[in-house]
Amino acid sequence: MKKLFFLPLLLLFSVTALAQRVSILGDSYSTFEDFVTPSTNELWYYAHNDTSKTDVNRVEDTWWWQVIHDNDYKLEVNNSYSGATIGYSGYDGNDYSRRSFLKRMYNIGSPDIILVFGGTNDSWAKEPVGEYKYADWQWGDFYSFRPAMAYMVNWIRLHHPNVSTYYIINSELRPEITESMKTICKHYNVPYIELKNISKKNGHPTVKGMKAIAEQVSEAINPSKTN
C-alpha cells in the first residue's frame with residue numbers, strides 16, 4: 001500500500017521538475033501589479049485600472065501569463081519596467097539608464113526560456129538609432145539604439161548559454177527600429193517574433209491584444225502545443 005501511495009507523488013514531483021522556467025525582460029506591456037521583480041519597478045497594468053486607460057485588470061489577461069499557463073511553464077522572473085528603453089536615451093532627452101534593459105538584464109534569474117519584449121519606448125522616445133556595432137562597446141554607445149540592442153543580445157547570449165531566447169518585436173514601431181532589431185537578431189542568429197494586428201488602447205495592448213500576443217508568441221516558441 002505504501003508503494004501505491006508514494007507512486008503518484010513521485011510522478012507529480014517529476015512533472016513539476018520538468019516544467020520549463022520562463023523569465024520576462026520587458027517594459028510596460030509586460031508589467032502587472034505584484035508580478036514584477038523588483039517590486040519597485042514602475043507599472044502600467046494594475047488590478048484596478050481606470051477603464052478609460054485599459055480593459056486589462058487581471059493578471060490572467062496579460063500576454064506572458066497566458067503563454068506560461070497555456071504551455072505548462074513556470075514563471076522564473078518578470079523584470080519589466082514601464083517606460084523602459086533598451087538604450088539609455090529616454091523621453092525628452094532624459095537619461096533612462098537606470099531603468100534601461102541593459103541595467104536590468106542582470107536580474108532575470110536562471111530560466112530555461114527568456115522572452116525579451118522591448119524597443120517600443122526607444123521608438124516612441126525617438127532615441128537615436130546610431131550605427132551597427134558588434135564589439136568594443138563604450139559607455140556612450142548605449143545612448144543609441146543599435147549599439148545598445150547589439151550589446152544586450154550578445155550579453156544575454158553569452159551569459160545564458162543553452163537557454164532559448166526570443167526577442168519580441170512590437171507592431172507599429174518606427175521602421176528603422178523594427179529593421180534594426182531584425183538585423184541584430186539575424187547577426188547573432190537568435191530568433192525574433194514580429195507581432196502583427198495587435199489591438200491597443202492608449203498605445204498598450206487591450207485584452208484582445210494581449211491574447212493575440214500570447215497566441216503569436218506561443219506559436220513561435222512551442223508550435224507543437226498550438227498545432
Side-chain angles (χ1 to χ4, degrees), residues 8-39 41 43 45 58-81 84 86 99-120 148-170 181-182 184-195 198 205 210-227:
L9 289 178
L10 290 172
L11 291 174
L12 176 61
F13 291 145
S14 297
V15 171
T16 302
L18 291 173
Q20 291 188 292
R21 298 163 298 170
V22 177
S23 284
I24 316 296
L25 182 62
D27 52 29
S28 58
Y29 277 41
S30 307
T31 61
F32 200 87
E33 184 178 10
D34 295 329
F35 284 88
V36 298
T37 300
S39 60
N41 286 3
L43 309 175
Y45 293 104
R58 303 185 313 146
V59 70
E60 295 96 322
D61 292 330
T62 62
W63 71 268
W64 54 267
W65 193 96
Q66 294 177 66
V67 169
I68 290 171
H69 175 268
D70 295 346
N71 293 281
D72 301 318
Y73 298 147
K74 291 181 63 178
L75 177 63
E76 173 79 356
V77 172
N78 179 6
N79 191 337
S80 297
Y81 199 127
I86 291 175
R99 70 176 64 192
S100 74
F101 282 60
L102 299 191
K103 289 293 186 181
R104 294 181 293 109
M105 64 186 181
Y106 303 98
N107 184 16
I108 54 174
S110 299
D112 302 299
I113 299 172
I114 301 171
L115 301 177
V116 183
F117 194 174
T120 299
M149 173 77 182
Y151 181 80
M152 176 181 68
V153 174
N154 186 60
W155 190 94
I156 292 176
R157 179 180 67 88
L158 292 177
H159 289 80
H160 293 276
N162 302 319
V163 172
S164 298
T165 303
Y166 300 85
Y167 290 83
I168 304 170
I169 303 176
N170 194 12
M181 295 181 77
K182 293 161 69 173
I184 292 166
C185 284
K186 288 175 183 176
H187 175 85
Y188 288 109
N189 195 31
V190 296
Y192 63 83
I193 304 165
E194 187 174 5
L195 301 177
I198 305 302
M210 288 289 191
K211 183 173 177 59
I213 294 172
E215 290 174 347
Q216 292 176 44
V217 171
S218 289
E219 183 178 3
I221 68 176
N222 195 2
S224 62
K225 188 81 172 181
T226 56
N227 293 335

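All values reported here derive from a predicted model rather than from experimental measurement. Quick note: numbers below take in every heavy atom, side chains included, and nothing from hydrogens, waters or symmetry partners.
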| message | Does either side chain, that of Asp27 or that of Tyr81, offer a donor lying less than 3.5 Å from an acceptor on the other one? | response | no
| query | Are side-chain heavy atoms of Ile213 and Leu195 found at a separation under 4.5 Å? | reply | yes
| note | Distance col, row Ile86:CD1 vs Met152:CE, nearest 0.5 angstrom, shows 4.0 Å
| message | So which atom in Ser110 and which in Glu76 form the shortest heavy-atom distance, rounded to 0.1 Å? | response | N-OE2, 2.9 Å
| said: To the nearest 0.5 Å, what is the distance between CG on Asp34 and CG on Asn78? | reply: 12.0 Å
| query | Can you tell if the side chain of Lys74 reaches within under 4.5 Å of the side chain of Ile68, non-hydrogen atoms only? | reply | no
| said: Applying side-chain hydrogen bond (donor to acceptor under 3.5 Å, both in side chains), can you list everything that pairs with Ser28, at least two apart in sequence or on another chain? | reply: His204
| Which value, rounded to the nearest 0.5 Å, describes the distance between Arg21 atom CZ and Ile114 atom CD1? | 11.0 Å
| message | Looking at every non-hydrogen atom in both residues, tell me the closest pair between Gln66 and Asp61 and how far apart they are. | response | NE2-O, 2.9 Å
| query | Considering residues, nucleotides and ligands other than His187, do more than 12 of their heavy atoms fall under 6.0 Å from its NE2? | reply | yes
| said: Restricting to non-hydrogen atoms, name the atom on Val153 and the atom on Tyr167 that form the minimum distance, rounded to 0.1 Å. | reply: CA-OH, 3.3 Å
| note | Closest heavy-atom pair, Tyr192 versus Cys185, reported as atoms and distance to 0.1 Å, is CD2-CB, 3.8 Å
| message | Could you walk me through whether Tyr166 and Val116 satisfy the side-chain contact (heavy atoms from CB on, under 4.5 Å) test, starting with their C-alpha distance in whole Å, then the side-chain angles of each, then the deciding distance to 0.1 Å, before giving a yes or no? | response | CA-CA 6 Å; Tyr166 300 85; Val116 183; over 6 Å; no
| request: Nearest 0.5 Å please: distance from the CZ atom of Arg104 over to the CG atom of Leu25. | output: 5.0 Å
| request: Show your working on side-chain contact (heavy atoms from CB on, under 4.5 Å) between Gln216 and Ile198 and close with a plain yes or no. | output: CA-CA 10 Å; Gln216 292 176 44; Ile198 305 302; 3.6 Å; yes
| Just checking, is any N or O donor in the side chain of Ser218 or Asn71 under 3.5 Å from an acceptor N or O on the other one? | yes
| task | Give a yes or no on whether the ring-centroid distance for Phe117 and Trp63 is below 6.0 angstrom. | result | yes
| What pairs with Lys186 under side-chain hydrogen bond (donor to acceptor under 3.5 Å, both in side chains), at least two apart in sequence or on another chain? | none
| task | Considering non-hydrogen atoms only, spot the tightest contact between Ala148 and Leu102 and give its length. | result | O-CD2, 3.5 Å
| said: With side-chain contact (heavy atoms from CB on, under 4.5 Å) as the criterion, how do Tyr73 and Ile221 come out once you've worked through the C-alpha distance, each side chain's angles and the decisive distance to 0.1 Å? | reply: CA-CA 12 Å; Tyr73 298 147; Ile221 68 176; 3.9 Å; yes
| query | Are any side-chain N or O atoms of Trp64 and backbone N or O atoms of Ser30, one a donor and one an acceptor, separated by less than 3.5 Å? | reply | yes
| Rounded to the nearest 0.5 Å, how far does CG of Asn41 lie from CZ of Phe35? | 15.0 Å
| said: Let me confirm one number: the OG1-CG distance from Thr165 to Leu115, rounded to the nearest 0.5 Å. | reply: 8.5 Å
| query | Is the Trp155-Tyr106 ring centre distance short of 6.0 angstrom? | reply | yes
| Is there a side-chain contact (heavy atoms from CB on, under 4.5 Å) between Ile113 and Val163 once you walk through the steps? | CA-CA 6 Å; Ile113 299 172; Val163 172; 5.6 Å; no
| remark: Sorted by chain and number, sequence neighbours left out, side-chain contact (heavy atoms from CB on, under 4.5 Å) with Thr31 holds for Val36, Leu43, Trp44, Tyr45, Ser80
| Which heavy atom of Ile24 sits nearest a heavy atom of Ile108, and at what distance? | O-CG2, 4.5 Å
| Do Arg157 and Asn154 get their side chains close enough for a donor-acceptor pair, meaning under 3.5 Å? | yes
